[in-house]
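Here's the structure, in structure tokens; my notes come after.
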2 protein chains.
Amino acid sequence: MNRKQSARFSNEWTMSEQKTTQESNRGDQRIEAQYWIETAFPLEQASATMAGEQSTGTFLRVPGETDKLRELYAARVESIEEQEVAVKPSLPGSGVPKNWDGVRRTAKVTLSWPLHNIGPSLPNLLATVAGNLSELKAFSGLKLLDVKLPAAFLEVYQGPQFGVAGTRKFTGVYDRPLIGTIIKPSLGMSPEDTAEQVRILAEAGIDFIKDDELQTDGPHCPFEKRVAAVLGTLNRHFERTGKRVMYAANITGEIDQMLDRHDHVLAHAGTCVMVSMNSIGLPAMKVLRRHSQLVIHGHRNGWGMLGRSPAIGMSFVAFQKLWRVAGIDHTHVNGLRNKFCEADDSVIASARACLTPMFEPPASGCEIMPVFSSGQSARQAPDTYAALGSDDLIYACGGGILGHPMGVAAGVRSLQQAWEAAALNIPLENYAASRPELKSALESFGA
Amino acid sequence: MNRKQSARFSNEWTMSEQKTTQESNRGDQRIEAQYWIETAFPLEQASATMAGEQSTGTFLRVPGETDKLRELYAARVESIEEQEVAVKPSLPGSGVPKNWDGVRRTAKVTLSWPLHNIGPSLPNLLATVAGNLSELKAFSGLKLLDVKLPAAFLEVYQGPQFGVAGTRKFTGVYDRPLIGTIIKPSLGMSPEDTAEQVRILAEAGIDFIKDDELQTDGPHCPFEKRVAAVLGTLNRHFERTGKRVMYAANITGEIDQMLDRHDHVLAHAGTCVMVSMNSIGLPAMKVLRRHSQLVIHGHRNGWGMLGRSPAIGMSFVAFQKLWRVAGIDHTHVNGLRNKFCEADDSVIASARACLTPMFEPPASGCEIMPVFSSGQSARQAPDTYAALGSDDLIYACGGGILGHPMGVAAGVRSLQQAWEAAALNIPLENYAASRPELKSALESFGA
């Protein structure tokens, strides 16, 4: 990274005081965040507490806190939509008002801030829309559901470089999902073992292969050797067949390591790198995106810590927006009837969000490719297609491919057949009648 | 940042295959993580699921997963300590076994991994000890409570540069806590207004002043102008009085911005920079620590998202260890009877953890200074001292200083008096009898 050059980009955004004052009330110059809250306090009061804590407030009125200051910088409560009453507090540690009416209310609340409070800075955005809010005593539940950002963020961040169209172009797969898989076991195979598994998968017709998030650069499978072996195999496959399989090499690590690993993948004619988003943070992502010539596969492992509880944390709909602006091209959304705990409607909401533009034209919409995975097989294809209304996705299966009774090629073929059936709106069982790979998959995988 | 130079450091750690095999079973070469779990499955089975998911497992036994591989790479269940039975699931989405006995158990479970699975890499550690665990269907609750790292991490990370001793040396404050405050209102003051508030605070005898986490580089209070104004004031104060007040300037932002801002603080004879840890991520922290010549104040805003729920996320005891290894010198622990929702025993556990060595000698113990804040006043000093058994801390008060009825100097003085009373084991009310500042504080602040 050239520091001076990079500084030039990240300091691009400036705003004069005059412009600020004029524009602070314009909707397109405000940051919005929507929350679910649960509180024993009147909803108006609770919402005002949130707005105060995250802008001009403190617990005592102090000298210097003037009305003009509040007008220019205070967060604004845009809307309060009351929902059902909570029977008991979802989280410990909350308080109740002195003359409590005994009702614990829930609501969706939208706050907004003038962009000039922080400028288009994702790290400072996090401190503003998340920050200390979850710890406020007035709330027995508080979860960030969504954010809406001014397009000015795209003056500082680059958004996805390739997204859906670029991923399709790199792989030559159109009019159906990319069929993908994860190298398994996660840990323990040598570079040569890994490349051999990749050879088998490529010959089986796979479109996309990713490292497991646990495998980066262990001494038994060093990154550089693994990537050289895997991409050597895939390059030979390309020369022989004309088909370019995308391999998401897990480069997660320190910033210098990630840039070096990116360059190594590029030097071996790779097309994709993978990072664990929660492991690296948004500033590292910005540096990687500025440097990158490859598709960036954003792995969301650890998101359960933030997103699983309905009472606290951050929805994936909000989370993925920050990372799209920072530059990922793909991200994981789990899958229908997955082996994890996420409900199907949440999976589909995440996937839809990935494909929904974040900004109005002429700015980029920052759409990215959702990656379905976790216990996926031929079984879930029709429901996934019906719920999402799109085949712009990566459909990643582990055991569903490697564990197919007729072998790996049949595993891949069964998934292609399942998506053909989905697109044709033909029931899987009917379509499987003359297709033994799909038939076998349906017999083997019950999800 | 010089990339090649930085790469040399972060790739220092290597381990031959032979060494790996010999050492993988040695306790000092294993990573440990302790969890609280809640599950309808037998505890042994549930723990084995965690270990499998985070090392060699997948949902089907696949070719290549041999016994030798398991022996070398599999996570190990070190201990299971059963606790009380849960009446109902804490989180949605969990499953139950086929022949469920109807009992939902909780336990503390410790897993361990050979260091060679990932090497001493904090980003990869996160994917390993946190990763997908929180989303596993077998659990209706799963929280990371603690981690134990091999000292090999200090071959790659630098740990705190200054810690408790360095902070005391910079400020010249010994034998009592540093009395600190936060510039308020968070947003809206000009650089000149801010410097004027700082002048008043410095003349009042304050030891430590920090920016609010919401204030970084807004157009009305640009970072460089604010820092120049504030540090100019503090430098004049130093020349006049010989007292060096520490100012934690909030440098949170992109990596290049943070390094530039660090240099700006250094150029103006500042001694401390502040970063919002959840906003920047561990790799950015590593780069900053490598570059830094200043005390790094780690602000934990956003931690509530991870830590407030007892059923999911990560305890602050675990969280702060990762950041200490990466290089922070201070971090926030909330305070007794704070305005947030955290219970007092959790506050004290966090503060104790900051002061407890992470590694055996001769490695650094990475002790750091806990920062007490949030609704703190003279009232909590004796209980804080009694519970912590140490005065190695920063005691930060907002309204408790700026809102003192007799003025700011009396606010600072009242806190010094309260800590004198605590150290002498004299009840506050008695000590206040001949000390009007403390007396007024006790009358004004009820916490």
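Computed from a predicted model, the values in this text were never measured in an experiment. Each chain gets a letter, A, B and so on, in the order the sequences are listed, and its residues count up from 1.
Here the closest heavy-atom approach between residue B/Leu214 and residue A/Ile118 is recorded as O-CG2, 4.2 Å. Taking both residues in full, the closest heavy atoms of B/Ser279 and A/Pro283 are given as O-CD, 3.5 Å, listed atom of the first, atom of the second, then distance. Nearest heavy-atom pair, A/Ala130 versus B/Met305, reported as atom, atom and distance to 0.1 Å: CB-CE, 3.5 Å. The nearest pair of heavy atoms linking A/Arg308 to B/Leu136 is NH1-O, 3.7 Å. The nearest pair of heavy atoms linking B/Ser309 to A/Ile312 is CB-CG2, 4.1 Å. B/Lys339 approaches A/Lys137 most closely through the heavy-atom pair O-CB, 3.4 Å.
Here the straight-line distance linking atom CD of A/Gln54 with atom CG of B/Asn301 works out to 8.0 Å at 0.5 Å rounding. Separating the CG atom in A/Leu126 from the CD1 atom in B/Ile280 is a distance of 11.5 Å, to the nearest 0.5 Å. Put simply, NZ on A/Lys286 and CD on B/Gln257 are 7.0 Å apart, with the number rounded to the nearest 0.5 Å.
With B/Ser134 contributing its side chain and A/Gly304 its backbone, the two residues share no donor-acceptor pair below 3.5 Å.
For the set B/Gly141, B/Gly281, B/Pro123, the entry with the most heavy-atom pairs within less than 4.5 Å of chain A is B/Pro123. When each of A/Ala284, A/Gly253, A/Pro222 is checked for heavy-atom pairs under 4.5 Å with chain B, A/Gly253 comes out on top. Ranking B/Gly313, B/Gly218, B/Ala343 against chain A, the residue ahead of the rest is B/Gly313, based on heavy-atom pairs under 4.5 Å.
Only the backbone of B/Asn278 has a heavy atom closer than 4.5 Å to any heavy atom of chain A. Contact annotation for A/Asn117: both backbone and side-chain heavy atoms come within less than 4.5 Å of a heavy atom of chain B. Looking at B/Asn334, the atoms closer than 4.5 Å to chain A (heavy atoms on both sides) all sit in the side chain, from C-beta outward. Only the side chain of A/Ser276 has a heavy atom closer than 4.5 Å to any heavy atom of chain B. Using a 4.5 Å cut-off between heavy atoms, A/Tyr157 touches chain B through its side chain atoms alone.
At a threshold of 4.5 Å between non-hydrogen side-chain atoms, the residues B/Glu213 and A/Asn132 count as touching. Considering only heavy atoms from C-beta on, A/Glu53 comes within 4.5 Å of B/Phe340 through its side chain.
In this structure, the ring-ring contact (aromatic ring centres under 6.0 Å, His included) partners of A/His332, at least two apart in sequence or on a different chain, are A/His297, A/His299. Not counting sequence neighbours, the partners of B/Thr216 by the side chain to side chain donor-acceptor pair (under 3.5 Å) test are A/Asn124, B/Asn250.
Using modelled atom types and a 3.5 Å distance limit, the side chains of B/Asn338 and A/Glu135 yield no donor-acceptor pair.
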